[in-house]
Every structure is written in C-alpha cells, then in structure tokens.
Novice: 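I have a structure I would like to understand better, so I am pasting it below and will then ask my questions one at a time.
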Amino acid sequence: MHGHRRRWRRGRGHRARRRRPGGRWAHPGAELNAAPAPASAWDLHRPGTRDVGLLSLAVIGVSLSAPLTAMVTAPMLALAFWRNAAGAAALLPVLLTRERSTLTGLRPRDLTSSVVAGLFLAAHFASWLPSLSMTTVAASVALVTTTPIWTALAARISGVQLPAAVWWGLLLAFAGVVLIVGVDVTVSTEALIGDGLALLGAICAGGYVLAGARARQRLATSAYAVVCYSVCAVVIAVAALVVDVPLAGFEARDWWLIAGITVSAQLFGHTLLNLVLSSVGPTVVSLAVLLEVPGALLFALVLLGQVPPLLALPGVLLAVAGVALVVRASRPTTLVEQGT
C-alpha cells in the first residue's frame, strides 16, 4: 500500500509539473476536458450547393454595376450614397417583420462590427472612385481586385491556417484579372496617386468584408446590412457636403440607372454576399467578387457594345481556375454551422 501511495504521489507530482501558458499549474485532466476552440469568423470554408447558388447570383448582380455606372452622368459620390441609402431602406421592412426575432437581446456593442464595416465601405467608395479619373481604368481595376489577397493575409495573421493551394489560387485568379483588364502603366504623379487610391480601396474593401464576417456571427443579414449601409450612406453624405457634390437634381434617366444599380449591385450583389459570409468566410467571398470582372465584360458587350480585349478569354479561364483551386482547398461545409 505504501509503495503504491509513493508511486501515486510521484505520478501526481510529475503531472503537476506541467504548466499552462502564463506559468500557472494545469489540472492533470485539463487537456482532456478542454473544449475545442471556436471557429474564427475569418476561417475558410468550402461553399455548399446553396452557397454556390447565392454567390453566383451575387456575382451577376455586381457584374451589372460597372456597365450601368458607365451610363450614369450623376456624380459618383451621389451614386454611392443612394445605392447604400436605398439598400438600407429596402431591407428595413425585412428586419422589422421576418427577422424581428433576431433583435432579441441585442446590445449596442453587438453593432460595433457593423458600424466598422460601414466605415470601411464608405472609405472604399471614397478612395476607389476618384482613382478612376486619376489613373487608367485598367490599372485601377487590377489594383482594386487585390482585395482577396488582403483578406487572406489578415486571416493568416489572425491565426487562420490557409493551405498553400489557397495562395496559388489567389495568385492565379489575380493573374487572370490582370490579363483581362491589361495593365497600361502610366508614370506620373497623378497616376501614382490614383494607383495608391485604388490599392487603398482594395484594402478598405477587405476591411469591409472582414468586419462583416465578424458582425454576421451575431447578426442576421438584414440587421447587419441595414446598419452597415446606413453608416456608409451617412459618411458619404457628409463627404459630399464637404466637397460640394450634389446628391439630387439629376435627370430621370440617372434615377432609373441608380435604381437598377441598387437592385442589382446592392441588394442582389452585396446583400447576398453578406448572407454567405457566415458560412464560407471573407476570403472566399472576396475571391468570388473577382468574377465580377469577366461578368462585367459580358454585360458591357451586351449593353454598351464594347468588345472584350484579346486576352479576355484566357484571363477568364485563369480567374475561374484560381477560384476553383481555392474552393477545392477549403474546409468542407460540414464543419461549418450555417448562419442565419
């Protein structure tokens, strides 16, 4: 008996010598009883059939944005204001009726990520739209489509493990976009500033998607979108007031185009992307938006008669292959708890 007791004491002492990070003694069974770490909002997940369908509709919606925007004569800040303000107004009845129960127990601090997302979205519009007139459209589009690279870097820094195939897929998709739009390098101070603004627009778009992923862990899509779009609209309205850009007084044709952009790009585009944020993660969502470029080329051909460049087809194939590679390397959707 005494021998057993001595061996038990030595064993207990051996197990007690394990320390937790920080220097405190760990309970012998702590590792066995510890709960698994919760999934990060920035994790990468493979889209399911439902997610693929929603992402496809969203890409079609945002692809209509550029051709329709090219037809608008109203100021770009006014367009950004109205598409966000009208988008928030359209989703408010959904929030107050069908998803009203999701507001139960909601605290003001639960809206923090939504407000941050709205600020990033406003900064995206405020930086990228001016770049279109300062540098070439090709350079601006190529730089602003680096968004998934920034979201992937942020996810990796936060501790999310990304397979090597994801990085190869991102580079492949970006190379495809570069082939599609071409890179017309213009060396001048104004062009360099425009390039910097386009790159800043991409980073801000990444912040918008990343903050949105955090917000969607707690909020329904309508609640998040109403707060985010409203904050964005208010910030843009203040900016328009400061730089003396009118928000009204446009021709009827412009109002119809703004309405079309709101329905396609804001409601079917951004809102559906925000819907799947909680199930596939920000990197997959921002990467899917890369497909807006070939989609916009197709709509520009139909609506504006603009013939795509010679390298558009191989560029589209590269972009689609890059997206497919990232999706294939993602974790299966069975590991993801579907969000509302």
Side-chain angles (χ1 to χ4, degrees), residues 43-69 83 87 90-91 94 121 141 144-145 147-149 151-152 165-166 169-170 172-177 179-181 205-206 208-209 212-213 216 220-222 224-225 229 260-303 308 312-336 338-340:
D43 278 346
L44 188 72
H45 300 290
R46 187 179 305 161
T49 303
R50 170 180 174 270
D51 296 323
V52 170
L54 292 173
L55 284 171
S56 300
L57 287 175
V59 169
I60 292 173
V62 295
S63 296
L64 276 165
S65 178
L68 293 178
T69 299
R83 61 180 281 182
L91 291 172
V94 177
L121 184 57
V141 171
V144 83
T145 52
T147 294
I149 296 176
T151 57
V166 170
L170 291 172
L172 201 63
F174 177 65
V177 171
L179 278 181
I180 293 170
V181 300
Y208 159 61
V209 178
R216 286 285 288 111
T221 306
S222 60
Y224 162 64
Y229 299 167
I261 293 169
T262 300
V263 173
S264 62
Q266 201 70 22
L267 295 178
F268 278 96
H270 280 247
T271 303
L272 290 182
L273 292 173
N274 290 328
L275 177 61
V276 299
L277 260 179
S278 60
S279 56
V280 302
T283 298
V284 172
V285 166
S286 57
L287 184 64
V289 176
L290 280 183
L291 298 179
E292 171 191 356
V293 178
L297 286 180
L298 179 61
F299 283 120
L301 175 64
V302 175
L303 298 176
L313 182 57
V316 169
L317 294 177
L318 273 180
V320 173
V323 172
L325 187 59
V326 171
V327 169
R328 185 176 178 82
S330 307
R331 294 169 58 190
T333 51
T334 52
L335 299 177
V336 186
Q338 294 291 335
T340 56

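Only heavy atoms go into these numbers, but all of them, side chains included; no hydrogens, no water, no symmetry mates. By convention here, the first residue in the shown sequence is residue 1.
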Novice: Measuring from atom CG of Asp51 to atom CG of Leu272, what distance do you get when rounded to the nearest 0.5 angstrom?
Specialist: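 The CG atom of Leu272 is 11.0 Å from CG of Asp51, to the nearest 0.5 Å.
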Novice: Return the set of residues passing side chain to side chain donor-acceptor pair (under 3.5 Å) with Ser63 (not counting sequence neighbours), or none when no residue passes.
Specialist: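 By the side chain to side chain donor-acceptor pair (under 3.5 Å) rule, Ser63 matches no residue at all.
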Novice: Not counting sequence neighbours, which residues clear side chain to side chain donor-acceptor pair (under 3.5 Å) with Ser222? List them please.
Specialist: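 For Ser222, the residues satisfying side chain to side chain donor-acceptor pair (under 3.5 Å) (neighbours in sequence not counted) are Glu99.
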Novice: What residues, two or more places apart in sequence or in another chain, satisfy side chain to side chain donor-acceptor pair (under 3.5 Å) together with Tyr224?
Specialist: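 Side chain to side chain donor-acceptor pair (under 3.5 Å) check on Tyr224 returns nothing, list empty.
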Novice: For a 4.5 angstrom cut-off between non-hydrogen side-chain atoms, does Thr151 reach Tyr208?
Specialist: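 The answer is no, as the side chains (C-beta and beyond) never meet within the 4.5 Å cut-off.
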Novice: Taking only residues two or more places apart in sequence or in another chain, which ones pass side-chain contact (heavy atoms from CB on, under 4.5 Å) with Leu91?
Specialist: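 With sequence neighbours excluded, Leu91 shows a side-chain contact (heavy atoms from CB on, under 4.5 Å) to Ala225, Val226, Tyr229, Leu267, Thr271, given in chain and number order.
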Novice: Let me confirm one number: the CG-CG distance from Leu57 to Leu273, rounded to the nearest 0.5 Å.
Specialist: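 Taking CG in Leu57 and CG in Leu273, the distance rounds to 10.5 Å.
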Novice: Give, for atom CG of Leu275 and atom CG of Leu55, the distance between the pair rounded to the nearest 0.5 Å.
Specialist: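 Those atoms lie 9.5 Å apart.
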Novice: For residues 260-269, which residue pairs pass the side chain to side chain donor-acceptor pair (under 3.5 Å) check, not counting sequence neighbours?
Specialist: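 Residue pairs passing side chain to side chain donor-acceptor pair (under 3.5 Å), neighbours aside: Arg83-Gln266, Asn84-Gln266.
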Novice: If you round to the nearest 0.5 Å, how far is CG of Leu68 from CD1 of Ile261?
Specialist: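 Answer for the CD1-CG pair, Ile261 versus Leu68, is 5.0 Å.
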